Every structure is written in C-alpha cells, then in structure tokens.
S.K.: 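Right, I'll just put the structure down here and ask away after.
Here the structure is a predicted model, which is why all the values come from computation and not from measurement. Computation of the quantities below employed the complete heavy-atom set of this structure, encompassing side-chain atoms and omitting hydrogens, waters and symmetry-equivalent molecules.
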Amino acid sequence: MKKFCAIACTVGFSAFWIFGGLAVIGLVTGQAVGMTVLALSGIGLAVGLGARLALVQMTRSLPRGTPVRQQETPAG
C-alpha cells in the first residue's frame, strides 16, 4: 500500500504542476484557459495531497533515523 500511495503522490503532484503550469502560461500570454486544465490541476493537487497525507500516516510509526529494510520472505 505504501508503494501505491507513493506512486499516486508522484502522479498527482506531476499532474498538478503540468496542468497548473499550462494554466499559468495561458494567463501570462493572454490566452483562454480551459476549465479542463483547471479541473485536472485541482484533481492532481487533491490526489497528491491525499496520497501524501496517507503515506505520512502509514510511516508515522517508523522510528526516525532507522533505515527501512525490505522484509525477507521465507523460502518455500
């Protein structure tokens, strides 16, 4: 679940910055900014923040300064 949240966080914030940047460029150049661009930017921000908060909640119990190691699976 942690990997899914990390990927969702990355994809969400990437969408936010891409579509948010397109909206800013549209406003600076004086071109019309479509509602789709603004909606996708908002959705990306919501997904990124939600996944980030979930990831922080999942990793809150880990002691600070301790490296995270992959669990060994028993052979067989």
S.K.: Do any side-chain atoms of residues 22-33 form donor-acceptor pairs under 3.5 angstrom with protein atoms, and if so which ones, sequence neighbours left out?
M.R.:
| unit_1 | atom_1 | unit_2 | atom_2 | d |
| --- | --- | --- | --- | --- |
| T29 | OG1 | I25 | O | 2.9 |
| T29 | OG1 | G26 | O | 3.4 |

S.K.: Heavy atoms only: give me the nearest A51-C5 pair and the separation to one decimal.
M.R.: CB-O, 3.5 Å
S.K.: Mind checking what makes side-chain contact (heavy atoms from CB on, under 4.5 Å) contact with A15, not counting sequence neighbours?
M.R.: F19
S.K.: May I ask you to decide if A6's main-chain N or O and T10's side chain share a donor-acceptor pair within less than 3.5 Å?
M.R.: yes
S.K.: How many angstroms lie between atom CG of L38 and atom CD1 of I43, to the nearest 0.5 angstrom?
M.R.: 11.0 Å
S.K.: To which residues is F13 joined in a hydrophobic cluster, defined by side-chain heavy-atom contacts under 4.5 Å among Ile, Leu, Val, Met, Phe, Trp and Tyr, whether direct or through other members?
M.R.: F16, W17, L45, L49
S.K.: Looking only at heavy atoms, which two atoms of L55 and K2 are closest? And how far apart?
M.R.: CD1-O, 3.6 Å
